Amino acid sequence: MKLKQIITSLLETDMYKFSMGQVIFHQFSDYKTTWSFKCRNKDVFFTDEMVEEIKEQIKAYCNLRFTEDELQYLDNILWIKGSYIDFLRLWQPRFDDFTITTDAECGLAIETKGTWLNTSMYEIPVLAIVNEVYFRMAYDYSHLIKVFNEKLEEKVGWLEIHQSKYHLSSFSEFGLRRRLSAEAQEMAVKRLAIAKYSSSTFVGTSNVYLAMKNGLKPTGTQAHEYIMCVGQGNHKHNPAYSNWYAMESWVKEYGILNGTALTDTITTDCFLSDFNLTYATLFSGVRHDSGDPYVWGDKIIKHYEDLGIDPQTKTLLFSDSLNFEKADKIFRYFQGRAKVAFGIGTYISNDTDVEPLNIVMKVTKCNGQDVAKLSDIEGKGMCKNPEYVEYLQRCINWRMSNK
């Protein structure tokens with residue numbers, strides 16, 4: 001291993017991995033999944049040296065264990081249960097679950113296979129490792145971190161009292177999977193935590209390790225993988241009802257706690273068919289991750305109103321490729337109509353003079369069957385079987401035309 005160890009704690013993942021992980025442990029522990037890595041940048045190539053370093057970094061990650069201090073921190077989160085903490089006390093990543101080769105156009109292919117309990121936990125650390133290895137080995141890292149810090153200072157200034165250029169209401173840092181480096185993300189989180197804001201509130205970070213280390217709130221609820229696997233992993237299920245199955249199991253686990261629903265796994269219109277009065281009441285809000293944010297927000301607000309729910313009691317959380325300017329415009333548009341919050345990732349954690357990597361690690365199979373998401377915009381899905389995507393689309397079309 002030529003670089004310092006990148007992932008040094010099993011807490012160094014996004015909070016929603018633990019939120020989902022507890023449901024998986026209690027309700028879907030027998031599910032098995034396959035995950036595949038993809039680099040969407042056409043001009044990026046991982047050298048053999050980079051691939052070898054990524055392998056060694058993942059091996060080092062697989063040697064980590066949760067410490068008692070880390071488990072105690074998780075145990076103090078309101079909705080985390082003791083039985084799940086006991087499972088994590090025994091849990092360890094398995095390097096045998098990984099297949100890492102150079103057999104891809106970008107020079108790096110990664111696939112993981114195993115229980116959903118295991119493979120779900122690998123996604124975020126793997127992406128963080130790939131990012132940091134690439135930027136440290138492909139560029140002059142000292143130059144990148146210097147530019148990063150300069151841009152960070154300028155951006156935070158736009159939110160502070162002396163400038164007050166942008167108004168974001170509540171926002172969190174969501175940048176672990178796309179960060180320049182561990183150093184850069186911590187630099188950003190610490191700077192945001194001490195800023196003197198005019199009309200913005202820094203809520204916390206999705207990085208649980210940094211939240212614990214810096215006395216911040218760990219933020220995040222659920223991801224597309226959860227709706228995909230719960231709704232499509234059981235072969236008896238009609239996948240057009242994926243959102244219903246996912247919300248039902250989530251409420252069984254958490255009741256009214258930990259409730260931000262993700263809308264666009266199989267399109268927001270299909271989601272709203274299942275987002276009935278009960279679920280709309282129990283969930284504290286919904287998250288936007290694809291499509292036009294203004295059209296989406298108007299649609300969600302109307303849905304709440306049609307159900308007789310005051311939208312101002314609910315939160316619209318926006319998390320799709322945001323910067324401060326975009327978030328400011330969205331906040332101004334919806335201000336006074338609903339609570340508004342933002343999860344901002346790459347713009348905070350990897351803004352230099354070099355284009356960030358557009359890399360993903362997505363679940364592609366569950367229990368031997370293809371799974372897919374059909375977001376509110378093309379290009380965000382990653383299913384290896386176009387026939388399954390067509391089948392899923394037909395199921396959704398049939399359901400939406402036969403309400």
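Basis for what follows: all heavy atoms, side chains included, without hydrogens, waters or symmetry-related copies. All values derive from a computational prediction rather than experimental measurement.
- Each of K2, Q5, K4, E132 was compared with Q57 under the side-chain contact (heavy atoms from CB on, under 4.5 Å) criterion, and only Q5 meets it.
- Salt-bridge formation is detected for the pair R177/E123: a Lys NZ or Arg NE/NH1/NH2 atom is positioned less than 4.0 Å from an Asp or Glu carboxylate oxygen.
- Judged by distance alone, the side chains of T260 and R287 never bring a donor and an acceptor atom under 3.5 Å apart.
- Judged purely by distance below 3.5 Å, without hydrogens or angles, the side chains of D298 and Y333 pair a donor atom with an acceptor atom.
- Side-chain atoms of N41 do not come within 3.5 Å of backbone N or O of D43 as any donor-acceptor pair.
- Between D320 and K326, no side-chain nitrogen of the basic residue sits less than 4.0 Å from a carboxylate oxygen of the acidic one, so the salt-bridge criterion is not met.
- N118 contributes atom CG, which lies 6.0 Å from atom CH2 of W91 (distance to the nearest 0.5 angstrom).
- The closest side-chain heavy-atom distance from E225 to K373 is not below 4.5 Å.
- The one candidate from Y347, F202, F318 that meets the ring pair (Phe, Tyr, Trp, His ring centres under 6.0 Å) condition with F171 is F202.
- Using modelled atom types, one side-chain atom of H288 and one backbone atom of S290 make a donor-acceptor pair closer than 3.5 Å.
- F98 and Y122 have their aromatic ring centers within a separation under 6.0 angstrom.
- A salt bridge links K81 with E253: the closest approach of a Lys/Arg side-chain nitrogen to an acidic carboxylate oxygen falls below 4.0 angstrom.
- Proximity of a side-chain donor or acceptor of T352 to a complementary backbone N or O of V147 within less than 3.5 Å is not detected.
- Ring orientation note: the planes of F87 and Y84 are close to parallel, at an angle under 30° on the 30°/60° scale.
- Taking 4.5 Å as the limit, every side-chain heavy atom of V354 sits out of range of all side-chain heavy atoms of L180.
- When atom types are taken as modelled, the side chain of K17 and the backbone of L11 share no donor-acceptor pair closer than 3.5 angstrom.
- Here the closest heavy-atom approach between residue I85 and residue I80 is recorded as CD1-CG2, 3.5 Å.
- Taking a cutoff of 4.0 Å between a charged side-chain nitrogen and a carboxylate oxygen, D328 and R332 qualify as a salt bridge.
- Although no hydrogens or angles enter the test, the distance criterion places no donor-acceptor pair under 3.5 Å between the side chain of D75 and the main chain of L71.
- Using a 4.0 Å cut-off between charged nitrogen and carboxylate oxygen, R136 and E53 do not count as a salt-bridge pair.
- Distance alone, capped at 3.5 Å, places no donor-acceptor pair between the N238 side chain and the C395 backbone.
- Donor-acceptor pairing under 3.5 Å is recorded for the side chains of N76 and Q72.
- Side-chain atoms of F283 and V251, non-hydrogen and from C-beta on, do get closer than 4.5 Å to each other.
- When side chains are defined from C-beta on, M121 does not count as touching P93, because their heavy atoms never get closer than 4.5 Å.
- Here the shortest heavy-atom pairing between Y73 and L216 reads OH-O, 3.4 Å.
- Side-chain N or O atoms of N402 include one that pairs as donor or acceptor with a backbone N or O of W398 at under 3.5 Å.
- A distance of 12.0 Å separates OG1 in T201 from CZ in F342, rounded to the nearest 0.5 Å.
- Ring centroids of F275 and Y279 are separated by 6.0 Å or more, keeping the two rings apart.
- Side chain of R179 to backbone of Q185: no donor-acceptor contact under 3.5 angstrom is found.
- Counting only heavy atoms from C-beta outward, the side chains of Y241 and I266 never approach each other to under 4.5 Å.
- For the atom pair CG of N207 and CG of D14, the computed distance is 7.0 Å after rounding to the nearest 0.5 Å.
- Using a distance-only test at 3.5 Å, with no hydrogens or angles considered, a donor-acceptor pair links the side chain of Q232 to the main chain of A372.
- Y61 has its side chain out of reach of F95: every pair of non-hydrogen atoms, C-beta onward, lies at least 4.5 Å apart.
- Contact detail for Y254 and S19: the closest heavy-atom pair is OH-O, 2.6 Å.
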Q) Could you go step by step and tell me if K384 and S36 meet the side-chain hydrogen bond (donor to acceptor under 3.5 Å, both in side chains) rule? A) CA-CA 10 Å; K384 294 184 176 181; S36 303; 3.1 Å; yes
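- Rounding to the nearest 0.5 Å places CZ of R337 at 9.0 Å from CG of L316.
- With rounding to the nearest 0.5 Å, the separation of CZ in F18 from OG1 in T221 is 14.5 Å.
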Q: Go through the steps for K299 and D292 under the test salt bridge (Lys or Arg N to Asp or Glu O under 4.0 Å), then give the verdict.
A: CA-CA 11 Å; K299 187 180 293 186; D292 187 311; over 6 Å; no
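- In summary, the side chains of D97 and T112 do not present any donor paired with an acceptor at a separation below 3.5 Å, with no hydrogens or angles considered.
- Of all non-hydrogen atoms in C229 and Y31, the two that sit nearest each other are O-CE2, 3.5 Å.
- To the nearest 0.5 Å, atom CG of residue N243 and atom SG of residue C270 are 6.0 Å apart.
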Q: Kindly indicate, with the supporting measurements, whether the criterion side chain to side chain contact (heavy atoms under 4.5 Å, CB included) is fulfilled by K362 and K38.
A: CA-CA 8 Å; K362 298 290 187 183; K38 183 176 182 179; over 6 Å; no
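- Of the listed residues (R191, K155, K165), just one forms a salt bridge (Lys or Arg N to Asp or Glu O under 4.0 Å) with E160, and that residue is R191.
- Crowding of E153 atom CD: a count of heavy atoms from other residues, nucleotides or ligands under 6.0 Å exceeding 12.
- Counting only heavy atoms from C-beta outward, the side chains of E183 and Y141 approach each other to under 4.5 Å.
- Residue E150 qualifies as enclosed at atom CD: its count of foreign heavy atoms under 6.0 Å is above 12.
- Scanning both residues, R178 and N131, for their nearest heavy atoms gives CA-ND2, 3.5 Å.
- Heavy-atom neighbours of L277 CG from other residues, nucleotides or ligands within 6.0 Å: above the threshold of 12.
- Shown here for L152 and M187, the closest heavy-atom pair between the two residues is CD2-O, 3.9 Å.
- Side-chain contact between W250 and V230: absent, with no pair of heavy atoms (C-beta onward) separated by less than 4.5 Å.
- For S249 (side chain) and A246 (main-chain N/O), a donor-acceptor pair under 3.5 Å exists by modelled atom type.
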Q: Check the pair K329 / E325 against salt bridge (Lys or Arg N to Asp or Glu O under 4.0 Å), numbers first and verdict last.
A: CA-CA 6 Å; K329 289 178 180 177; E325 182 180 5; 3.6 Å; yes
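- In this structure, K151 does not pair ionically with E154, as no charged nitrogen and carboxylate oxygen lie closer than 4.0 Å.
- A salt bridge between D140 and K146 is absent, with no side-chain N of the basic residue lying under 4.0 Å from a carboxylate O of the acidic one.
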